[in-house]
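Input: a single structure, listed below in structure tokens.
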Amino acid sequence: MASHLQNRSKKSQLRTLTTIPPSNIDFSSNAYLSLSSIPSLLADYHRLLENHASLGSGGSRLLDGNSTFAETLESDIATFHNAPAGLLFNSGFDANVGLVSTLPQRGDVVVYDELVHASAHDGMRLSRASRRIPFKHNCVQALDGVLASIGEDVSVFVLVEGVYSMDGDIAPLRDVVACVKKRLKGNGYIIVDEAHSTGVYGKQGGGLVCELGLEDEVFARLHTFGKAMSSFGGKSIIRQEGAANFIAIVLCSSITREYLINYARTLIYTTALPFSCLASISVSYQYLQSGFIDERLTHLWSLVRHTHTLLMSLSSTALTIRVNKEPKSPIIPVFTSEPRSLAKFCQKRGFTVRPIVAPTVPKGSERVSK
């Protein structure tokens with residue numbers, strides 16, 4: 001272990017845990033809408049806690065950990081996103097692994113964008129799929145070529161993300177759907193990870209699938225609540241209760257939900273979420289539905305454009321950094337050959353940005369983000 005760590009350190013790839021000074025301006029958080037700073041939302045959350053006697057869940061969902069509150073919450077979230085059903089998982093990682101490892105059967109094929117999340121790769125490795133085939137990032141022509149080589153007589157699961165967490169670009173989802181329908185004739189099943197598009201795209205923050213009206217064309221969607229929703233995680237409204245993860249929900253058909261309950265090991269063999277976590281999700285969704293979210297979304301996109309304009313101006317005079325021409329999301333990577341030095345420089349001046357290096361991103365595309 002020491003040898004491996006030493007080798008990683010020599011390559012400037014060693015990961016370490018750090019803390020953020022409370023006085024810093026945070027450009028690294030995924031809490032795009034800063035919902036955790038809204039006093040009325042915090043008050044609603046604490047009111048729910050006060051009316052609930054227990055903090056723990058008592059066991060797994062299949063034993064003592066299920067509740068009417070959890071099932072109602074799943075149903076309400078599914079309705080909000082125009083989906084037939086939903087199933088909560090303790091984290092986005094658990095949801096991706098559970099979904100991708102469970103659904104493909106022997107003989108099935110998984111086709112995935114080369115930049116999908118690490119959890120999808122772990123799910124694929126655990127699945128019974130006969131083949132796992134990547135295609136060039138966001139390239140529908142490459143996807144079409146892969147699908148054409150497979151044929152129509154097998155089931156194919158196609159994995160993409162709404163917003164990609166490292167580059168901040170969005171999937172050409174309409175074209176992906178059209179390509180899958182053309183090539184697979186009913187045997188294609190699209191799974192969209194909406195972790196970074198939840199709360200940012202679509203009416204009331206419903207996500208990219210909802211914004212494009214593709215709810216009936218997508219087999220399953222994954223939404224997490226620790227990013228724009230601020231329900232669980234680094235900028236969580238329940239951070240004082242010790243939250244340390246990102247709750248997620250898989251939106252799918254009723255039969256898919258039942259199948260996951262029976263076969264997804266990341267759901268079956270883990271303790272259910274405590275009420276405090278469920279309550280935080282509930283109040284966040286109530287806020288989305290209240291109509292107040294529109295003003296925050298407008299403000300968010302004005303900040304995105306302003307930040308990007310400043311960075312473009314800077315990159316035109318500083319040859320050591322580069323930004324993409326047009327921001328597609330609140331994720332704005334600043335490409336540099338010296339990400340650790342740049343991050344440290346900013347942190348010393350009160351701006352929290354993080355270095356992103358290989359193997360998290362391909363070598364040669366190092367950056368600071370977000």
Side-chain angles (χ1 to χ4, degrees), residues 15 17-22 24-38 41-42 77 89-96 115-120 161-171 192-202 204-208 221-240 242-249 277 280-281 283-285 287-288 293 296-297 299-304 307-308 311 324 327-334 339 343 346-347 351-357 360-361 367-370:
R15 295 184 175 104
L17 296 176
T18 60
T19 56
I20 302 172
N24 269 26
I25 299 172
D26 190 0
F27 281 92
S28 182
S29 169
N30 293 320
Y32 309 125
L33 297 172
S34 298
L35 299 188
S36 59
S37 66
I38 302 173
L41 194 150
L42 287 167
I77 294 172
F89 283 79
N90 286 18
S91 72
F93 202 100
D94 285 345
N96 245 338
L115 296 188
V116 293
H117 195 268
S119 55
E161 297 186 18
V163 173
Y164 287 85
S165 60
M166 290 294 105
D167 289 272
D169 52 351
I170 63 175
V192 182
D193 184 338
E194 294 235 51
H196 287 274
S197 47
T198 308
V200 176
Y201 286 92
Q204 298 179 324
L208 185 64
R221 290 172 269 165
L222 187 155
H223 290 265
T224 63
F225 310 128
K227 296 177 172 58
M229 297 295 289
S230 293
S231 293
F232 202 30
K235 288 290 180 181
S236 172
I237 64 173
I238 58 169
R239 59 189 172 193
Q240 62 270 45
N245 215 325
F246 298 95
I247 311 171
I249 192 168
C277 299
S280 71
I281 301 169
V283 296
S284 290
Y285 267 93
Y287 185 84
L288 288 191
I293 194 67
R296 285 197 168 247
L297 279 169
H299 181 59
L300 170 67
W301 284 106
S302 70
L303 290 176
V304 169
T307 302
H308 182 262
L311 288 171
N324 293 324
K328 300 291 186 180
S329 72
I331 301 170
I332 306 175
V334 180
C346 293
Q347 289 164 9
F351 300 94
T352 298
V353 297
R354 301 292 190 184
I356 311 293
V357 302
T360 302
V361 294
R367 80 274 314 261
V368 297
S369 198
K370 303 261 194 310

Tell me every residue that passes ring-ring contact (aromatic ring centres under 6.0 Å, His included) with Tyr287, counting only those two or more places apart in sequence or in another chain.
none
By side-chain hydrogen bond (donor to acceptor under 3.5 Å, both in side chains) - contacts of Asp169 (at least two apart):
His137, Asn138
Would you mind reporting whether Pro339 and Ile356 have side-chain heavy atoms less than 4.5 Å apart?
no
On a heavy-atom basis, which atom in Thr224 and which in Leu222 lie closest, and how many Å separate them?
CG2-CD2, 3.7 Å
Is there a donor-acceptor contact under 3.5 Å from the side chain of Gln347 to the main chain of Val353?
yes
Could you walk me through whether Leu208 and Val192 pass side-chain contact (heavy atoms from CB on, under 4.5 Å), step by step?
CA-CA 9 Å; Leu208 185 64; Val192 182; 5.9 Å; no
Leu33 and Gly199: which non-hydrogen atoms are nearest, and at how many Å?
CD1-O, 3.3 Å
Would you check if there is a donor-acceptor pair between the side chains of Thr18 and Arg354 at a distance under 3.5 Å?
yes
Check: Glu194 side chain, Arg221 main-chain N or O, donor-acceptor pair, under 3.5 Å:
no
Just verifying a value: how many Å separate Ile293 CD1 and Gln204 CD, rounded to the nearest 0.5 Å?
9.0 Å
Quick check: do Val334 and Phe27 have side-chain heavy atoms less than 4.5 Å from each other?
no
Quick one: does any side-chain atom of Asn24 pair with a main-chain N or O of Asp26 as donor and acceptor, under 3.5 Å?
no
Correct closest heavy-atom pair for Phe89 and Ile247 would be O-CG2, 3.3 Å
Below 4.5 Å, heavy atoms only, C-beta onward: do Ile77 and His223 meet side chain to side chain?
no
Value for CG (Asn30) from OG1 (Thr198), rounded to nearest 0.5 Å, stands at 11.5 Å
What one should report as the nearest heavy-atom pair of Ile331 and Tyr164 is CD1-O, 3.9 Å
Gap between atom CD1 of Ile25 and atom SG of Cys346 - 0.5 Å precision:
11.0 Å
Note, Pro330 side chain near Leu300 side chain (heavy atom, < 4.5 Å):
yes
Quick one: does any side-chain atom of His117 pair with a main-chain N or O of Phe93 as donor and acceptor, under 3.5 Å?
no
Any side-chain heavy-atom pair from Arg296 and Leu35 closer than 4.5 angstrom?
yes
Indicate the ring-plane relationship of His196 and Tyr32, choosing parallel, tilted or perpendicular according to the 30° and 60° boundaries.
tilted
For a quick test of reading the model, state the closest non-hydrogen atom pair linking Asn96 to Ser119 and the distance between them.
ND2-OG, 2.9 Å
Please step through side-chain contact (heavy atoms from CB on, under 4.5 Å) for the pair Ile249 and Ile281, ending with a clear verdict.
CA-CA 11 Å; Ile249 192 168; Ile281 301 169; over 6 Å; no
Pairing residues for Ser302 by the side-chain hydrogen bond (donor to acceptor under 3.5 Å, both in side chains) criterion, not counting sequence neighbours
none
Evaluate the side-chain proximity of Val163 to Val200: yes if any heavy-atom separation is below 4.5 Å, no if none is.
no
Would you check if Val361 and Arg367 make a side-chain contact, meaning some heavy-atom pair closer than 4.5 Å?
yes
